[in-house]
Amino acid sequence: MIRIYNTLSKKKEDFVPLKEGWVRMYVCGPTVYGLIHVGNARPAIVFDAFRRYLEYRGYKVVMVQNFTDIDDKIINKANDLGVNPQKLADTFIAEYFRDAHSLGIRPANFHPKTTDYVKEIIDTVQKLIDKGYAYKTPYGDVYFSVRKFPKYGELSGKKIEDLIAGARVEPGEEKKDPLDFALWKAAKASEPWWESPWGKGRPGWHIECSAMSTTLLGESFDIHAGGEDLIFPHHENEKAQSEACTGKIFAKYWMHNGMIRMVGEKMSKSLGNIFLVRNAVAAFGRDAIRLFILSKHYRSPIDFSEEILIDNKKAVRRGWEAIERFEKRMNVEIPVPKYDSWMNEQIEKFKESLDDDFNTPEAVAQIFNLIKELNKAMDSGDEDKALKAYHLIKREFGPVLGLFDLSREIKRLEGKESKLIDLLIDIRNKMRKEKRFDIADEIRDKLSEIGIILKDKKEGTEWEEVK
RNA sequence: GGCGGCGUAGCCAAGCGGUCUAAGGCGGGGGUCUGCAAAAUCCCUAUUCGUGGGUUCGAAUCCCACCGCCGCCUCCA
């Protein structure tokens with residue numbers, strides 16, 4: 001039985017999907033006005049892995065991750081650049097997919113964009129007006145009446161009274177109550193707009209997720225996930241709108257990941273860059289970033305630091321070395337081992353960890369234990385055990401977490417460069433045979449200086465390019 | 001002020017009432033390999049869980065107090 005922590009009840013609950021055998025989940029995606037940073041990557045990695053785990057446990061999963069492609073930030077940035085907001089958003093959606101792919105994140109089943117669902121959004125807003133939960137102002141804005149929805153605050157644990165102090169009314173707004181939030185915003189000059197029953201305007205921030213999730217997953221679905229900073233107001237508002245509109249429970253389980261914190265005060269500008277997913281992948285590699293994120297429970301905050309990423313990169317390298325060592329000695333199609341009691345015990349343990357609110361640190365620890373087993377088995381010539389360990393790491397558990405999953409990211413020099421290095425290695429080995437170690441060592445050291453590391457193994461000298 | 005969370009080895013991080021003399025990773029120490037290194041690999045590396053009380057046959061795990069951190073409270077993954 002899978003148990004997950006539900007933000008709504010603030011405790012771990014047994015996971016029982018609404019429709020047996022199926023899981024419908026919605027993950028809040030980024031607002032696309034720039035390249036994503038490592039913080040954006042956390043929910044993407046974690047909930048993609050969680051979805052894979054659900055599939056591993058036999059569920060059919062329908063996953064939706066949206067893009068908010070129209071909002072104030074996009075409009076402002078587009079105006080600054082003097083470009084069309086839609087072009088800007090579409091550009092960064094493309095860039096998002098590039099980054100997500102580089103992190104080994106599988107695409108969701110649906111990636112809806114707000115601007116493709118304006119009709120559904122308008123329908124939802126109209127329904128809320130019809131039901132008396134929303135109202136139009138003379139300016140052409142539409143607001144949701146928070147006080148008409150008694151359960152408001154249920155998700156974030158906030159009380160209406162406490163919210164009043166922080167509520168604000170912008171000049172030009174005509175809210176009946178400062179707590180009310182916009183469902184539809186009247187178009188200002190130089191803003192994109194759509195025709196609606198209330199005049200020209202655009203969707204408010206929260207309504208898109210309600211409209212898209214309902215359209216694609218139904219009025220009620222199983223899991224709604226995102227960063228914990230979205231609990232309030234985004235998810236609280238989404239929930240209020242949706243439940244007011246349908247009269248049904250919106251999402252059964254709410255899952256929220258912790259934030260990634262940026263520590264250290266290194267060179268601020270270039271530092272900002274290193275947190276971009278793109279730069280992080282280039283510097284540390286996909287698996288190191290995944291390991292970094294999956295090594296800590298998804299609900300806890302993580303401190304991002306170069307040092308930790310380097311540690312994780314080393315750990316990942318060790319894993320790959322063992323895997324490749326095994327693959328080399330097989331050098332044909334690697335068979336599927338006969339599942340025995342040891343393997344089944346391992347599988348049970350893996351499931352036990354992940355069933356418990358997706359405890360990936362435990363599952364990761366188990367994978368590293370298996371790496372040790374793999375090495376030991378190879379050292380002692382126990383090929384059968386080695387195959388079993390390899391199979392569990394590379395073909396059963398790795399693909400669930402997306403670790404040691406895709407091919408290893410090593411830069412491979414090719415062509416003449418590669419041949420030159422081979423030539424140098426040949427010369428060095430001749431020197432070594434002739435005991436002219438000064439020359440041999442000079443070749444080795446000079447290659448090392450330019451990032452080519454030589455590894456003298458029993459089978460011969462291998463090399464690897466290191467950043 | 002309101003709500004929520006955290007403090008476990010040099011660092012990162014699981015464990016949340018007995019199987020804990022506490023997983024896993026990095027680092028460190030030692031061995032193997034090597035001409036020497038590097039790489040790789042193996043072994044070792046917290047009688048102790050922020051502090052002080054309490055509950056219990058038994059606590060890192062529950063309760064209370066204190067100290068120190070952090071997140072959210074309408075931009076935010």
Side-chain angles (χ1 to χ4, degrees), chain A residues 7 10 27-31 33 36-47 65 71-73 76 146 153 156-159 161-163 165-170 178-182 205-206 225-234 236-237 256-261 291-292 294-297 299-303 305 307-319 321-322 324-325 349 353 356 359-372 374-376 378-380 431-433 435-437 440-441 444-445 447-448 453-458 461-464 466:
Chain A
T7 306
K10 292 181 179 59
V27 181
C28 276
T31 301
Y33 63 99
I36 59 165
H37 57 261
V38 178
N40 296 305
R42 172 126 89 146
I45 288 172
V46 162
F47 295 117
Q65 189 197 41
D71 96 319
D72 290 348
K73 277 175 298 195
N76 291 153
V146 165
S156 56
K158 295 189 185 304
K159 297 187 190 87
E161 312 87 73
D162 298 335
L163 289 169
R168 70 174 188 220
V169 181
E170 300 287 341
L179 294 174
D180 294 349
F181 57 89
W205 176 32
H206 319 292
E228 68 179 6
D229 54 346
L230 295 179
I231 295 172
F232 189 87
H234 187 54
E236 189 71 59
N237 291 356
H256 295 280
N257 63 272
M259 300 290 101
I260 293 184
R261 298 189 294 224
L291 182 62
F292 163 68
L294 296 171
S295 287
K296 188 149 184 186
H297 186 87
R299 283 193 284 116
S300 306
I302 316 185
D303 286 314
S305 78
E307 196 188 9
I308 296 166
L309 267 292
I310 290 168
D311 288 354
N312 283 104
K313 188 178 177 179
K314 286 176 185 164
V316 159
R317 178 214 193 87
R318 232 185 79 227
E321 289 291 339
E324 288 179 352
R325 183 179 163 204
K349 200 178 157 210
S353 298
D356 181 18
N359 190 333
T360 55
E362 264 184 6
V364 164
Q366 191 186 347
I367 289 175
F368 277 93
N369 274 134
L370 286 169
I371 287 165
K372 193 178 285 177
L374 210 208
N375 275 319
K376 277 184 169 176
M378 287 190 285
D379 287 346
S380 65
M431 292 299 108
R432 289 170 74 202
K433 265 189 197 143
K435 300 216 189 291
R436 292 164 68 177
F437 296 120
D441 289 351
R444 177 220 283 160
D445 296 342
L447 281 173
S448 172
I453 302 297
L454 301 189
K455 303 182 198 177
D456 294 324
K457 299 185 176 179
K458 277 197 183 122
T461 302
E462 293 176 12
W463 59 273
E464 186 179 306
V466 175

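Lettering of chains follows the sequences in order, A, B, ..., and the numbering in each one begins at 1.
- Nucleotide C36(B) has no partner under the Watson-Crick or G-U criteria, as no pair reaches both atom distances under 3.5 Å.
- Comparing the P positions of G31(B) and A14(B) gives an interatomic distance of 34 Å, to the nearest angstrom.
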Along nucleotides 2-21 of chain B, 5' to 3', which nucleotides get a B, which get an S, and which get a -, given that the test is a protein heavy-atom distance under 4.0 Å?
B---------SSSS------
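- Arg318(A) meets the salt bridge (Lys or Arg N to Asp or Glu O under 4.0 Å) test with no other residue; sequence neighbours excluded.
- When both distances must be under 3.5 Å, the Watson-Crick or G-U wobble mate of C6(B) is G68(B).
- A gap of 46 Å separates the C1' atoms of C42(B) and C63(B), to the nearest Å.
- Taking the C1' atom of each, C16(B) and C6(B) are spaced 14 Å apart, rounded to whole Å.
- The side-chain contact (heavy atoms from CB on, under 4.5 Å) search around Leu447(A) returns Leu424(A), Ile443(A), Ile450(A), Ile452(A), Leu454(A), not counting sequence neighbours.
- Here, A65(B) and U47(B) have their C1' atoms 27 Å apart, quoted to the whole Å.
- Among residues two or more places apart in sequence or in another chain, the side-chain contact (heavy atoms from CB on, under 4.5 Å) test is passed with Lys457(A) by Glu321(A), Lys455(A), Glu459(A), Glu462(A).
- Here Ile231(A) lies out of heavy-atom contact (under 4.0 Å) with every strand.
- Distance check on atom P: C26(B) versus A40(B) gives 10 Å, rounded to whole Å.
- Separating the C1' atom of U8(B) from that of U48(B) is a span of 9 Å, rounded to the nearest Å.
- Surrounding NZ of Lys10(A) are more than 12 heavy atoms belonging to other residues, nucleotides or ligands, all under 6.0 Å away.
- When the side-chain nitrogen and oxygen atoms of Asn369(A) are compared with OP1 and OP2 of G24(B), one or more of them lie within a distance under 4.0 Å.
- Across all strands shown, G27(B) forms a Watson-Crick or G-U wobble pair with U45(B), both key distances being under 3.5 Å.
- Separation of the C1' atoms belonging to C66(B) and G25(B) is 34 Å when rounded to the nearest angstrom.
- Salt bridge annotation for Asp379(A)-Arg325(A): present, with a cationic side-chain nitrogen under 4.0 angstrom from a carboxylate oxygen.
- Nucleotides G15(B) and A38(B) are separated by 37 Å at their C1' atoms, to the nearest Å.
- Applying the side-chain contact (heavy atoms from CB on, under 4.5 Å) test to Asp71(A) and every residue at least two apart in sequence or in another chain returns Thr31(A), Thr68(A), Lys73(A), Ile74(A).
- The backbone N or O of Thr461(A) sits nowhere less than 3.5 Å from a side-chain atom of Asp456(A) that would complete a donor-acceptor pair.
- Across all strands shown, G1(B) forms a Watson-Crick or G-U wobble pair, both distances under 3.5 Å, with C73(B).
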When every nucleotide of nucleotides 33-41 of chain B is labelled 5' to 3' by its protein contacts under 4.0 Å (heavy atoms), B for base, S for sugar-phosphate only, - for none, what sequence of letters results?
--BBBBSSS
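- Using Watson-Crick or G-U wobble geometry with both donor-acceptor distances under 3.5 Å, C16(B) finds no partner in any strand shown.
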